J.: 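I have a structure here, written as structure tokens, and I will follow up with some questions on it.
Please read these numbers as outputs of a predicted model, since none were measured by experiment. Chain naming here is simple, since letters A, B, ... match the order of the sequence lines and numbering starts at 1 in each.
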Amino acid sequence: SAVISQKPSRDICQRGTSLTIQCQVDSQVTMMFWYRQQPGQSLTLIATANQGSEATYESGFVIDKFPISRPNLTFSTLTVSNMSPEDSSIYLCSVEAPSGGYTFGSGTRLTVV
Amino acid sequence: GDSVTQMEGPVTLSEEAFLTINCTYTATGYPSLFWYVQYPGEGLQLLLKATKADDKGSNKGFEATYRKETTSFHLEKGSVQVSDSAVYFCALSDGSGTYKYIFGTGTRLKVLA
């Protein structure tokens, strides 16, 4: 299955700033997914990123807050904008696995102070 | 809507003990069920899956049986090892062909030597 490299692995950011998370896949994939895992909670899908089109956002998530780029079939970025402490979470990217299910990156642990 | 409930952790066991992590679900359709594992510092990995009632998924000594009558998908292993220490997530996809997953909150397992 695909190998996903995600960076940074962790960061501590000041409120009001933005952080861009990168996700690189070792094979071409049509769809890439971005998830958020808030402390003590389950994973929540933020958006789906297709190459060459605007990302599709889930309810409760908006492009102004979480802009996503998908410049090619192996790469995507998620930006967390104008951060507040409530944005402190683990952010993960994922892709479909050929055998079913999904493969996830190692996650970015974000702390906003 | 669809949901997944799994037992709270942490679960602490001695090496070679029997493991059960409970997972129950609610779904209106015919979901596929998954267990994911997240080792420290790594991304989520698909551990096993079952796509229809009475299917048994198995991998690395772990097993889970899709029980439609009890809406459960409990994870079991007969003899745990220290290397099994991780966070385990139960998840479902709604079976409609969409990519959307519903995840449980995760159960941390700690195995002591």
J.: Please flag which part of B/Y39 lies under 4.5 Å from any non-hydrogen atom of chain A: side chain, backbone, both or neither.
T.: neither

J.: Taking B/N22 for the side chain and B/M7 for the main chain, is one N or O donor matched with an acceptor at less than 3.5 Å?
T.: no

J.: Using non-hydrogen atoms and a 4.5 Å limit, figure out which bit of A/L92 sits close to chain B: side chain, backbone, both or neither.
T.: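 Side chain of A/L92 only, per the 4.5 Å heavy-atom cut-off to chain B.
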
J.: Between A/Q37 and chain B, with a heavy-atom cut-off of 4.5 Å, which part of the residue counts as in contact: side chain, backbone, both or neither?
T.: side chain

J.: So what's closer than 4.5 Å to chain A heavy atoms on B/Q6: side chain, backbone, both or neither?
T.: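 Neither part.
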
J.: Quick one: does any side-chain atom of B/S85 pair with a main-chain N or O of B/V111 as donor and acceptor, under 3.5 Å?
T.: yes

J.: Judged by atom type as modelled, is there a donor-acceptor pair below 3.5 Å linking the side chain of A/R36 to the main-chain atoms of A/T44?
T.: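 Checking the backbone N and O of A/T44 against the side chain of A/R36, no donor-acceptor pair under 3.5 Å is found.
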
J.: Side chains of B/T105 and A/S42: is there a donor and an acceptor less than 3.5 Å apart?
T.: no

